[in-house]
Structure formats: structure tokens, C-alpha cells
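This chain uses plain numbering: 1 for the first residue, then up along the sequence.
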Amino acid sequence: LGGDVGDGVLHRDVQRVLRRLTLVQGLPEEAAQIFIGNSFLPNAFTTIAPSEAEYLQENASIAKAFRIGNLFISLGLLRSMESEEQLAFVLAHELMHNWKGHLKSSGAGRQMLGHLHELEADAEGLKLMARAGYNPQGGIDSLYDLDREYDRLEKEYALLKRDKSDITQAIGRLRDIHPHSDLRRANMLDHINEALEHYKPVAAPAQPVWMLRRLSAQRPSHLDRFEA
């Protein structure tokens, strides 16, 4: 994860986006929290035991003592997003890993159980963001921007001959976690119409605070990366 970015304003605005998603699920504000690390590699993951999620949905009064979802995202991911819809999709995707029981309840809790689960999280994430008032087309767009950022980083580090093997291996691991982007986009296109049936636009800031703060947050000076 690297160090925390230490920017409370940035954190609160990303939490605002997360709150829109949990609200449509009927969950209390305390049910999920976000952590933002200073790694420049775009990445996101989540940790939860499925049994905890089910229990807390039935016992919302004690949610302050526990979390249904702990979402971890990198500063690099925020910098690769071109709209709030794209960020909402990434968060919705991770929340769906929680709510669909895709995570192991022991060992490496954030380890995914397969590419089929990734495709399900994509499809269900589109529906969740749509119900929260975000255009689900933004979810598909996010994959293009992530691909462009990964390609840029690989080329940049190859050109500089700096940590080339590390950056290539790190990006390779991040990409291997998910199915190929073409397969993900095809799957999402199969579900986009269903998601659009739930979509009722809700106003969002034209220049959200997180998009402004992400560029001024501390830029890491070395290769911090998630072990996803």
C-alpha cells in the first residue's frame, strides 16, 4: 500500500463517492471505509469475510464497531481516472467482491477466487453505480484509461531504464489478477442495458475535490506497490 497520502480533504471526497454506493444498498455510512496509499501504480483491492458482511447487514446498529468493506486504492489509480463515474465503478467493483462473497475468509483475505468472479463484479458493479446515479458507461471507459496508464508507465520506465524489471513485473501482476480488458469490456457491454434500466442521473460536482487534490497530493519518490 505504501504510506497513507495523509490528505484528509482528498479522503473525505472519495468517501463521499463510496457513500453514494453504500446508501443505495441501504447500509449505514460506517459500513465501508476507504484507504488511499501513495503508490503510483493504479490499483484497488478490498478485504472482508463474507460472514461479517452478512451479519452486519442484519445488525446495522453495531456497524460502528465493524466494517463491511475496507477498500484500498492507490494515488496512481485516482490519477488515472478521468471522471467521477470511472471512480464510482472501481469502488462498486470492489464492493461487489465483498457482497458476492468472492474473498477468502482466511489466509490472504483479499485474494480473488478467479476471473469469473472478476467478471461478475464488473457486471454487478455497473448496476450498483447506475442505481447510485452514475452513468454505467463510465465503468467501461475506466478500463480504457487504466490500460493507457499501465502502458504509459511501462514505456516511461523502459525509457528511463529505471526499475524496469520491477515496474514490468508489478504491472504484469496487477493485470494478471483480472481477465484481459477486451474480455471485460465485452462482458460489461452484455450487461450495460440492464444497468441502464436502473440509471437515474444524480448531480455530481463538475470538478470534484478528489480530482483537484489528487495532483497536489504527495508523489512517492520510489516504487511503492500493492501486493495484490
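- Between Asn135 and Leu196 the shortest heavy-atom distance is OD1-CD2, 4.2 Å.
- Formation of a donor-acceptor pair under 3.5 Å by the Arg214 side chain with backbone atoms of Met211 is found in this model.
- Across all their heavy atoms, Ala132 and Arg20 have their closest contact at O-NH2, 2.7 Å.
- Scanning both residues, Asn70 and Gln33, for their nearest heavy atoms gives OD1-NE2, 2.8 Å.
- We find that Asp151 and Arg148 are not joined by a salt bridge, their nearest charged nitrogen and carboxylate oxygen being 4.0 Å or further apart.
- Across all non-hydrogen atoms, the minimal contact from Pro205 to Glu84 is CD-OE2, 4.2 Å.
- Residue Val209 is found in a hydrophobic cluster whose other members, listed by chain and number, are Val9; membership requires side-chain heavy atoms under 4.5 Å apart, directly or through intermediates.
- Looking only at atom types and distance, the side chain of Thr22 has a donor-acceptor partner in the side chain of Arg19 under 3.5 Å away.
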Could you go step by step and tell me if Thr46 and Leu95 meet the side chain to side chain contact (heavy atoms under 4.5 Å, CB included) rule? CA-CA 7 Å; Thr46 185; Leu95 286 171; over 6 Å; no
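- Between Asp147 and Arg185 there is a salt bridge, since at least one side-chain N of the basic residue sits less than 4.0 Å from a carboxylate O of the acidic one.
- Across all their heavy atoms, Ser80 and Asp145 have their closest contact at O-CB, 3.5 Å.
- Looking at Ser74, its side chain does come within 3.5 Å of a backbone N or O of Leu41 through a donor-acceptor pair.
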Walk me through whether Glu85 and Asp141 qualify under side chain to side chain contact (heavy atoms under 4.5 Å, CB included). CA-CA 9 Å; Glu85 286 82 6; Asp141 293 342; over 6 Å; no
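- Side chains of Glu124 and His191: a donor-acceptor N/O pair is absent below 3.5 angstrom, by distance only.
- Other residues, nucleotides and ligands place more than 12 heavy atoms under 6.0 Å from the CG atom of Leu23.
- In this view, Asp13 and Arg16 satisfy the salt bridge (Lys or Arg N to Asp or Glu O under 4.0 Å) rule, not counting sequence neighbours.
- Side-chain heavy-atom separations under 4.5 angstrom define the hydrophobic clusters, and Leu212 shares its cluster with no other residue.
- Considering all non-hydrogen atoms of both residues, Trp99 and Leu27 come closest at CZ2-CD1, 3.4 Å.
- Side-chain contact check for His97 and Glu118: at least one donor-acceptor pair (N or O, by modelled atom type) lies under 3.5 Å.
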